[in-house]
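Just so you know, these numbers come straight off a predicted model, no measurement behind them. Residue numbering restarts at 1 for every chain, and letters A, B, ... go by the order of the sequence lines.
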Amino acid sequence: MPELPEVETVRRGLERWVIGKKLKNIQALHPRVERPDSWAPITSLEGAKVTGISRRGKFLWFELDRPQVLMAHLGMSGQFLVQPIGKVDERHVRARFTLAGGLQKNRELRFIDQRTFGWLAVDNLTDGIPSMAAHIAPDLFDPNFDQASIVANLRNRKSKIKSAILDQQILSGIGNIYADESLWAAKIHPERICGDLSAKKINLLIDSAREIMARALESGGTSFDDLYINVNGESGYFEVQLEVYGCEGEPCSRCGRLIKRISFANRSSHFCPYCQK
DNA sequence: CAAACTACCTGACTGC
DNA sequence: TGCAGTCAGGTAGTTT
C-alpha cells in the first residue's frame, strides 16, 4: 500500500517521536514479522538508541548507536504507531518496542500489519546503505538520482512502461497509485513499450511522478481507509486529488471521456483511453 | 540477461 | 445467511 510519499510521512513521524529513544522490551509477536535472512533477532537490539531514520524508496531503517540498523518495510499494509504503553492493542500488532528515555515518557512503538507482507530485520551497512536495500535504485528525491542515465536505461527496454517504472531496481519509490497518476499526467498509455518513447516523453513522466509525489507528501500521503496512517494514526488527504487511480467510469478531467481500468502484471491500471494512447 | 509470471497473506466487498 | 470469487497501496523467487 504505502508508496514513497506515505513511507516518507511515516519516516518523518518516526524521526520526531523515536530519535534519541532507547528500544527496550522488544517483542516479536508474529512468526513472519522478521525477515528470514535477518542478521540477528530484532530482540538482540535491546537497549539500542535510535540516532536517525533513513529511507530509500519504500525501504526504511532505524540508525542506531551500534553498527547494525533496524530495517523495515511496510509491504502492503504495514504501519508504525506510537501509542501510550498499555493502551489496548490494535488488531494486527506484529512487534512492539518500549521507547525509553527523553522527554515524552510511557510511549511504545508498534508495528502493525494486517497482510504480513511487511517485515523488520537487523541489517548491516555498506557505504551507508543496508544490504537489504542495496539492490534498490535511488528514488526520485535522492541526490544520487541520475535522471539522464535512467532515461537512457528505460529507452533500451522492451517492457511496458508501467512495469518498468514499478521496478524498484530501475528507479524506486513509485507504486501502483503514483504510476497510474504519473502516466496520466504525461499522457502515456501504461502498456506503451519503453523503447518506443522519446527521451523527452520519459523525462516528462519522471518529472510528473516527482511533482505528484511531492504534492502527495504535502498532503500527508494518500489513503482510502485506515490501512495507511501516519505514526499518530492520522490519514493523508491526497486521495481527493487523484485523477485516475480508483476512478474507473468517472470522466477524465482533461477530455471528459470515461476512465478505464485494465489488468496486467496481476494488478489494475487506470487510464484515460483518449488522452493516453 | 530481461521480462513475465507466481506466491506470499488477511480481510472487505460483490453477486448468487 | 452463506459461500465463492474478486480485489487491495509490494516484493522476491522462479520460469520463459
Rounded interatomic separation in angstrom, taking CG from A/L4 and C1' from C/dG9: 13 Å
Which is true for A/R94 with a 4.0 Å heavy-atom rule: it touches a base, it touches only sugar-phosphate, or it touches nothing? nothing
Side chains of A/E90 and A/Q83: donor-acceptor distance under 3.5 Å anywhere? yes
Taking only residues two or more places apart in sequence, or in another chain, which ones meet A/S235 in a side chain to side chain contact (heavy atoms under 4.5 Å, CB included)? A/S223, A/I229
With a 3.5 Å cut-off and sequence neighbours excluded, list the donor-acceptor pairs that the side chains of residues 23-32 of chain A form with protein atoms.
from: A/N25; atom 1: ND2; to: A/T98; atom 2: OG1; distance (Å): 3.2
from: A/Q27; atom 1: OE1; to: A/R96; atom 2: NE; distance (Å): 2.8
from: A/H30; atom 1: ND1; to: A/R32; atom 2: N; distance (Å): 3.0

Does OP1 or OP2 of B/dA3 have a side-chain N or O of A/K158 closer than 4.0 Å? no
Taking atom C1' of B/dA2 as reference, at what distance in whole Å does atom CD of A/Q169 sit? 11 Å
Does the ring centre of A/F80 sit less than 6.0 Å away from the ring centre of A/F62? yes
Intra- and inter-strand pairing of DNA chain C, written as dot-bracket with Watson-Crick and G-U pairs under 3.5 Å and | for the latter, reads .|||||||.|||||||
Output all residues satisfying side chain to side chain contact (heavy atoms under 4.5 Å, CB included) with A/K158, sequence neighbours left out; order by chain, then residue number. none
Distance test, side-chain N/O of A/Q168 to OP1/OP2 of C/dT11, below 4.0 Å: yes
Contacts of type side chain to side chain contact (heavy atoms under 4.5 Å, CB included), residue A/D65, not counting sequence neighbours: A/A48, A/K49, A/T51
Spacing of the P atoms in B/dT6 and C/dT6 (rounded, Å): 14 Å
Please name all residues satisfying side-chain hydrogen bond (donor to acceptor under 3.5 Å, both in side chains) with A/Y178, sequence neighbours left out, ordered by chain then number. A/E6, A/T222
Is any side-chain heavy atom of A/D37 closer than 4.5 Å to one of A/M132? yes
Rounded to the Å, how far apart are A/I112 CD1 and B/dC9 P? 21 Å
Within the structure shown, what part of the strands sits under 4.0 Å from A/D167 by heavy-atom distance: base, sugar-phosphate, or nothing? nothing
Measure from the side-chain heavy atoms of A/R157 and tell me the nearest of C/dG10, B/dT6, B/dA2. B/dA2
Of A/S163 and A/R32, whose nearest nucleotide on DNA chain B comes first from the 5' end? A/S163
Determine, answering yes or no, if A/F117 is stacked on B/dC8 under the 5.5 Å centre rule and the 30° plane rule. yes
Donor-acceptor pair, A/Q168 side chain versus A/I174 backbone, under 3.5 Å? yes
Going by number, which of residues 121-136 of chain A have a non-hydrogen atom under 4.0 Å from DNA chain B? none
Tell me whether the side-chain N/O atoms of A/R115 come closer than 4.0 Å to OP1 or OP2 in C/dA8. no
So which pairs with a foot in residues 163-187 of chain A pass salt bridge (Lys or Arg N to Asp or Glu O under 4.0 Å), sequence neighbours left out? A/K162-A/D180
Taking the minimum atom-to-atom distance to the side chain of A/M76, which one of C/dT11, B/dG11, C/dA8 wins? C/dA8
Euclidean distance, atom CD1 of residue A/I212 to atom P of C/dG9 [Å, nearest integer]: 17 Å
Within the pair A/N176 and C/dG9, is there a side-chain N or O less than 4.0 Å away from OP1 or OP2? yes
Between the protein and nucleotides 4-7 of chain C, are there any N/O to N/O pairs under 3.5 Å, and if so, what are the atom names and distances?
none

Here the distance between atom P of B/dT14 and atom CD of A/E248, to the nearest Å, is 14 Å
By nearest atom, which of the nucleotides B/dG11, C/dG10, C/dG9 is closest to the A/Y245 side chain? C/dG9
Checking A/R215 now: which residues fulfil side chain to side chain contact (heavy atoms under 4.5 Å, CB included) with it, not counting sequence neighbours? A/E211, A/I212, A/F238, A/Q241
So, using salt bridge (Lys or Arg N to Asp or Glu O under 4.0 Å) as the criterion, who are the partners of A/R16 when residues are at least two apart? none
Quick one: is A/H73 getting a side-chain N or O under 4.0 Å of the C/dG10 phosphate, OP1 or OP2? no
Here's a test of your reading of the structure: between A/N156 and A/A265, which maps to the more 5' nucleotide of DNA chain B? A/N156
So which nucleotide from C/dG9, B/dG11, B/dA3 ends up closest to the side chain of A/H92? B/dG11
Here the side chain to side chain donor-acceptor pair (under 3.5 Å) pairs for residues 191-201 of chain A, sequence neighbours left out, are A/K160-A/E191
